[in-house]
Amino acid sequence: MSIDYTQRIPNNVDLSSDRRLQRALENWQPRFLDWWKDMGPDGTLNFDVYLRTAISAEANGWANFGYVKMPDYRWGIFLAGQDPNRVIAYGDNKGKPVWQEVPGELRSTLRRLIVTQGDTEPASVEQQRLLGKTAPSLYDLRNVFQINCEEGRHLWAMVYLLHAYFGRDGREEAEMLLERHSGDPDKPRILGAFNEKTPDWLSFFMFTYFTDRDGKYQLASLAESGFDPLARSCRFMLIEEAHHMFVGESGVQRIVQRTCDLMKEHKTDDVRSLGAIDLPTIQKYLNFHFSVSLDLFGQEASTNAANYYTMGVKGRYLETRIEDDHVLTESTFDMDTADSGLIVRKTVPALSALNERLRNDYIEDCARGLIRWNRVIEQAGIAFELKLPHRAFNRRIGAFNELNVSPEGKVMSEAEWKAGEHKWLPTDEDRAYVTSLMGPAVVEPGKFANWIAPPQRGINNQPANFEYVRFN
Ligand code: BYC
């Protein structure tokens, strides 16, 4: 039976008018669904989940709530509205009209960026595949499923671009997006953090706080692209991304809250004996996820990034609001880097430092959530402060890869680092403890696992005991 794609794939790209494109997506869709069944949330095909679905890109269209079986989720294709007067805001092509088609000389560069972005989306779904088994509540279960469905939609967004603008190469890349898998030794995902495991809910909340936030900054930079369909896709994706970071920020906050409540109530630091997660362990998970996410911004000095900018394919965060010449050939940038075994401050050409500049914007944003988490600790009268580790701590990508640096930013020998590592990063024992808390999913409406506080309000203002997921 043929599928009515206007029904099946809500879209604002007039899909039904392009038979070739429609056929390409018709061929890809069953493969996507097979991938979802094999690699998406485990054992959930029949659940009815209270989900938000975007059915148009208008303000009132992207947040429709209702029960959906996830394989029937309407993965739509939405681009933010087109501005007919939009011009390229930076680089050599500054001031020229944005491209509606891919310029020949930028084809492989753009394809590569779109593939890298697209690869992260299904990767995160794969990483989160088993979390449903140990959800601390129906509210949290629904949130991970919402995120998974939206990451699936973000994959659709990139696959649409590959199919619509990159011909046969694009179709092949779209296939590959379903063939690489997170952590697969033979066909891993492209970027490091997306091959790590997300084995427990503390990791999940840290991931959605720190790694989804990399998504925000990368999408915002691509939203400045001179290739207009990419820019418009990313603008719409950013709306959904906000919920993912909310889940991370509020999730960590609720864990901190519960820990502090128990510390106060029982007048003890030893909350492990009470089945909660102690603050030093939370700090270690934070250290890990922050440092791994910093790597996602690439090398501090990057000719790739300079070329993307000069060509007009990837801008800076909020490019049009920055007051400078938007060409940067004469500008410099001060940054920390490694030289002869030390962290040194250098002045470098601004164009080569664009990854680092974006990383700075990101770090500033990360710090904001910590202020809120620390407020919870302070209000409980507890003398402890969560901190972002130094940017050189535990890095694998970029100049700091060659150094051993403590969270405070002290460069040390490998032996010193090895001796301190257990204080800074989750040990096997820490991970085993956190895993031990992840009991069978809490499925009674309104109930929460012992190690996390309830949220302040429900999704879409639903009451505390709302049945977010119905098991069938
Ligand atoms: N792992 O010149 P450099 C999201 C490679 S998250 C492995 O610095 P560039 C989401 C690099 O590919 C956002 N390899 O590279 C979040 C290059 O390879 P070649 C995802 C790495 O291009 C949660 C070489 O090292 N979107 O949306 O300036 C859930 C030289 O490096 C890594 C994007 O990333 C790494 N971490 O910067 C779901 C946007 N870093 O050329 C979703 C698109 C670097 O030597 N991607 N390499 O073979 C980009 O803009 C750039 O590719 C990067 C790298 C910023 C990632």
Side-chain angles (χ1 to χ4, degrees), residues 128 131 134-137 140 143-144 193 196-213 244-294 363 365-390 393-394 406-408 420-439 448-456:
Q128 295 162 16
L131 287 174
T134 57
S137 71
D140 292 292
N143 281 347
V144 69
E196 300 283 348
K197 288 196 169 65
T198 311
D200 59 71
W201 283 77
L202 178 57
S203 300
F204 171 66
F205 292 132
M206 291 292 179
F207 181 95
T208 43
Y209 187 78
F210 288 111
T211 308
D212 277 87
R213 194 172 306 275
H244 307 183
M245 289 178 294
F246 159 79
V247 168
E249 180 175 332
S250 58
V252 175
Q253 184 156 331
R254 288 162 53 213
I255 295 177
V256 170
Q257 180 75 60
R258 179 65 181 150
T259 300
C260 291
D261 288 349
L262 286 170
M263 285 171 78
K264 235 169 70 174
E265 190 183 329
H266 295 267
K267 299 192 175 41
T268 179
D269 287 350
D270 179 21
V271 288
R272 286 200 181 188
S273 66
L274 301 166
I277 307 177
D278 49 293
L279 296 174
T281 300
I282 295 173
Q283 177 70 62
K284 290 188 204 178
Y285 274 69
L286 185 162
N287 289 348
F288 174 77
H289 285 274
F290 178 66
S291 54
V292 168
S293 301
L294 284 186
I363 292 174
D365 196 12
C366 285
R368 285 195 263 273
L370 269 77
I371 293 173
R372 285 189 275 271
W373 300 338
N374 281 324
R375 202 171 295 141
V376 173
I377 303 176
E378 202 187 307
Q379 279 168 358
I382 294 165
F384 188 97
E385 192 186 347
L386 291 167
K387 292 191 178 123
L388 289 179
H390 191 277
F393 169 75
N394 193 39
S406 75
E408 291 74 33
E421 190 181 355
H422 70 283
K423 290 184 281 180
W424 305 323
L425 289 172
T427 60
D428 289 347
E429 196 241 318
D430 294 328
R431 290 198 182 276
Y433 174 69
V434 172
T435 307
S436 77
L437 298 181
M438 305 292 129
F448 291 82
N450 176 58
W451 47 267
I452 189 164
Q456 274 164 2

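For the single chain, residues carry numbers from 1 onward in sequence order.
Taking CD1 of I382 as the reference point, atom OG1 of T259 lies at 8.5 Å (rounded to 0.5 Å). Atoms CH2 and CD1, on W373 and I255 in that order, are 9.5 Å from each other to the nearest 0.5 Å. From D270, atom CG reaches atom CG of L262 across 11.0 Å, with rounding to the nearest 0.5 Å. We find the CD1-CG distance between I377 and L370 to be 8.5 Å, quoted to the nearest 0.5 Å.
The shortest distance between side-chain heavy atoms of L274 and M263 does not fall below 4.5 Å. Looking only at side-chain heavy atoms (C-beta outward), F207 and E196 stay at 4.5 Å or farther from each other. Counting only heavy atoms from C-beta outward, the side chains of F205 and I452 approach each other to under 4.5 Å. In this structure, I363 and L294 have side chains that are in contact, with non-hydrogen atoms separated by less than 4.5 Å. You'll find the side chain of Y209 stays beyond 4.5 Å of the side chain of H289, heavy atoms only.
Shown here are the side-chain hydrogen bond (donor to acceptor under 3.5 Å, both in side chains) partners of Q253, two or more places apart in sequence or in another chain: there are none. Residues satisfying the ring-ring contact (aromatic ring centres under 6.0 Å, His included) test with Y285, not counting sequence neighbours, are none. Under the rule for a salt bridge (Lys or Arg N to Asp or Glu O under 4.0 Å), the partners of E249 that lie at least two apart in sequence or sit in another chain are R372. For E408, the side-chain hydrogen bond (donor to acceptor under 3.5 Å, both in side chains) test picks out S406, with sequence neighbours left out. Residues that satisfy the side-chain hydrogen bond (donor to acceptor under 3.5 Å, both in side chains) test with D269, not counting sequence neighbours, are absent from this structure. Every residue two or more places apart in sequence or in another chain was checked for a ring-ring contact (aromatic ring centres under 6.0 Å, His included) with W451, and none qualifies. For D430, the salt bridge (Lys or Arg N to Asp or Glu O under 4.0 Å) partners two or more places apart in sequence, or in a different chain, are R272, K284. Residues passing the side chain to side chain contact (heavy atoms under 4.5 Å, CB included) test with D261 are Q257, sequence neighbours excluded. T198 pairs by the side-chain hydrogen bond (donor to acceptor under 3.5 Å, both in side chains) definition with nothing, not counting sequence neighbours. Residues satisfying the salt bridge (Lys or Arg N to Asp or Glu O under 4.0 Å) test with D140, not counting sequence neighbours, are R254. Residues forming a salt bridge (Lys or Arg N to Asp or Glu O under 4.0 Å) with R213 (at least two apart in sequence, or on another chain): D365. For the side chain to side chain contact (heavy atoms under 4.5 Å, CB included) test, residues two or more places apart in sequence or in another chain that qualify with P407 are N287, P389, F393, W424.
The nearest pair of heavy atoms linking R431 to S203 is NH1-OG, 4.1 Å. The shortest heavy-atom contact between C366 and L388 is CB-CD1, 4.1 Å. Nearest heavy-atom pair, K387 versus L286, reported as atom, atom and distance to 0.1 Å: O-CD2, 3.5 Å. Between N394 and S291, the closest heavy-atom pair is ND2-OG, 3.0 Å. Closest approach of V247 and T208 over heavy atoms only: C-OG1, 4.2 Å. Residue N374 comes nearest to L386 through the heavy atom pair OD1-N, 2.7 Å, listed as atom of the first residue, atom of the second, then distance.
E378 CD: 12 or fewer foreign heavy atoms inside a 6.0 Å radius.
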Step by step, would you call F210 with V292 a side chain to side chain contact (heavy atoms under 4.5 Å, CB included)?
CA-CA 9 Å; F210 288 111; V292 168; over 6 Å; no
